[in-house]
Amino acid sequence: MALDSPAERRDEVVQVAMGNGNGVAPLQPLRPAGRPAAATAPYLDRRLRLNPNAEHKPQDYSDVRGEYAPAVYSALERHLPPSLLDADRDVKLHFMRDILARYWPQGERNKVQRHKEYRQRILHLYKPLHEELYNMHPSTFFLPTFLEAVRSNSEESFRSFMTEPIPGVYSFAMLQPTFCEMLLEEVENFEKWVHAMKFKIMRPNTMNKYGAVLDDFGLEAMLNQFMEQFVAPISRVFYPEVGGGTLDSHHAFVVEYGKDRDVELGFHVDDSEVTLNVCLGKQFSGGELYFRGIRCENHVNSETQHEMTRCTCGAVFWIIWCCSAYAVLHRGRHRHGARAISSGLRINLLLWCRSSVFREMKKYQKDFPTWCGECQREKRGRQSQCVKATKMAFLRGAGGATI
């Protein structure tokens, strides 16, 4: 999701609410073309709430078509200013669209439209191999221990089946082996079909040259339930500071590593607030994960400090990737990579979970000392300089004193 261009951002008038305790950030949405100014003018100075109104029940947006899924509007509605919550649905919808539109310049929208047309063509022609994959069946998809923990919905229940090999990185058994096998077969069937139809398959991202986007051939609705019902409850507990409690969209895909595939993946961050990475299987060796520090946008490319946690990924992650159905959950901004595959083939399911609310709010923050390692280091540096300056001022004052 692209952010505003510099030119667009210069034209915006944004004021940040600092230290007023109201949990809101100011917005000045643009008026939609062709819409009377009077329809939106009363809300131009309203502020989007930082914390959602948990008691408010959003309206139904399932009939809304466009670039965003209906769940995005339902999630964002809880953050609308109180004076707007009881407004007509059309007014709220235009207000939210004004906010969301600033993420996508026209070039990005054209790109999305082309992708939408590509996806519609596939959905019209492709015949699924395993129809049961396209609707959520929790008892068939997930392990009983995982389901029980999610039903309990508490930090204690989640930690009962998780390990935390690196701070903020959690690993656990999640999927039924039969589900992994069916998904692998479905992906293989789709790739064969694409080749036979002479389609140009769209790859998951700019980093992976092999793999497929699961949303492109009909799995989007099921995977959205996957995120909302089985990833979001965990993220709400462990990653609230990066939008874990407001996940409302996703990008789901599989990646393939092997001799004739991608061999490794360099050091990077994901375009997500929270990432779920599940090994689906095959036989392989190598390919261990490693993590080196959490970064906000301002510090993505900053060097790793010596005091930061570093994992060379020995036995712990070796066991994870040698067992299908095992998952790793981490912040998207936790920098990581995958070491080279030395033999065999490894296929992983990736679910990049995103929060439009968090992405809107973080534009108004200068730093993120609660989770970004470099922001923490800079904050400590400023505090240290302040203490030194205070001491120097005291010593100078004491030196000039007379008895």
Side-chain angles (χ1 to χ4, degrees), residues 1-4 24-25 27 29-30 32 35 40 43 46-54 56-81 84-85 87-106 108-113 115-116 119-120 136 213-216 218-233 235-236 239-240 242-253 270-276 332 350-364:
M1 184 180 291
L3 296 177
D4 300 333
V24 295
L27 293 171
L30 305 175
R35 183 167 175 79
T40 54
Y43 305 105
R46 298 300 188 231
R47 294 174 174 178
L48 195 65
R49 292 173 57 91
L50 178 60
N51 299 311
N53 186 332
H56 176 70
K57 184 177 180 180
Q59 291 187 253
D60 182 15
Y61 295 94
S62 59
D63 61 323
V64 176
R65 298 291 178 266
E67 298 96 338
Y68 293 92
V72 174
Y73 298 110
S74 296
L76 189 56
E77 184 177 324
R78 293 181 183 274
H79 292 263
L80 294 181
L84 192 55
L85 289 178
D88 291 340
R89 194 188 77 152
D90 287 347
V91 174
K92 289 188 284 190
L93 190 58
H94 276 285
F95 185 88
M96 291 187 287
R97 278 175 167 167
D98 288 340
I99 294 170
L100 295 169
R102 290 184 297 185
Y103 285 107
W104 281 1
Q106 189 59 48
E108 285 293 322
R109 294 187 188 186
N110 293 339
K111 181 179 178 181
V112 169
Q113 181 59 32
H115 189 190
K116 184 177 180 179
R119 181 179 294 183
Q120 289 175 339
M136 176 56 66
V213 179
L214 300 178
D215 297 331
D216 283 349
L219 289 166
E220 181 178 15
M222 184 276 286
L223 289 167
N224 200 55
Q225 286 184 279
F226 192 113
M227 178 192 71
E228 290 181 344
Q229 299 176 18
F230 303 100
V231 178
S235 298
R236 189 175 296 112
Y239 307 117
V242 294
T246 56
L247 302 178
D248 53 24
S249 64
H250 73 268
H251 175 51
F253 55 95
D270 298 336
D271 183 14
S272 69
E273 274 60 76
V274 178
T275 293
L276 178 75
L350 275 297
L351 191 66
W352 285 359
C353 305
R354 297 161 174 167
S355 167
S356 58
V357 171
F358 176 73
R359 294 184 177 209
E360 176 68 20
M361 293 304 174
K362 70 182 180 181
K363 293 193 299 184
Y364 306 104

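Index from 1, following the sequence.
Atom CG of Leu350 sits about 12.0 Å away from atom NE2 of His250, to the nearest 0.5 Å. The CG atom of Leu50 lies 10.0 Å from the CZ atom of Phe358; values are rounded to the nearest 0.5 Å. To the nearest 0.5 Å, atom CD of residue Gln229 and atom CE of residue Met136 are 6.0 Å apart. The CG atom of Asp270 lies 10.0 Å from the NE2 atom of His251; values are rounded to the nearest 0.5 Å.
Proximity of Leu80 to Met96: side-chain heavy atoms (C-beta onward) are separated by under 4.5 Å at one or more points. Counting only heavy atoms from C-beta outward, the side chains of Val274 and Met227 never approach each other to under 4.5 Å. In this structure the side chain of Leu100 reaches within 4.5 angstrom of the side chain of Tyr73, judged on heavy atoms. Side-chain contact between His79 and Ile99 is absent, with no heavy-atom pair separated by less than 4.5 Å. Contact of the Asp248 side chain with the Leu76 side chain is not registered, since no non-hydrogen atoms from C-beta on lie closer than 4.5 Å. Residues Leu48 and Val357 form no side-chain contact, since every pair of their non-hydrogen atoms from C-beta on lies 4.5 Å or further apart. Using a 4.5 Å heavy-atom threshold, the side chains of Asn53 and Glu77 count as separate.
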Exercise. Show your working on side chain to side chain contact (heavy atoms under 4.5 Å, CB included) between Asp216 and His115 and close with a plain yes or no.
Key: CA-CA 9 Å; Asp216 283 349; His115 189 190; 2.8 Å; yes
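Scanning both residues, Glu273 and Arg354, for their nearest heavy atoms gives OE1-CA, 3.2 Å. Here the closest non-hydrogen pair linking Trp352 and Ser272 is CB-CB, 3.6 Å. The two atoms that bring Ala71 and Asn224 nearest to each other are CB-ND2, 4.1 Å, heavy atoms only. When all heavy atoms of Gly332 and Thr275 are compared, the pair lying nearest together is CA-OG1, 3.9 Å. Minimum heavy-atom separation, Pro58 to Ser74: CG-O, 3.3 Å. Residues Asp215 and Glu220 share a closest heavy-atom pair of OD1-CA, 3.3 Å.
A donor-acceptor pair is defined here as one N or O able to donate and one able to accept, closer than 3.5 Å; such a pair exists between the side chain of Ser355 and the backbone of Thr246. Looking only at distances, a side-chain donor or acceptor of Asp60 sits under 3.5 Å from a matching main-chain atom of Ser62.
Ion pairing between Asp63 and Arg89 holds under the 4.0 Å rule for side-chain N and carboxylate O. Using a cutoff of 4.0 Å between basic side-chain nitrogens and carboxylate oxygens, Asp271 and Arg359 are scored as salt-bridged.
Aromatic ring orientation, Phe226 versus Phe230: perpendicular (interplanar angle above 60°, classes split at 30° and 60°).
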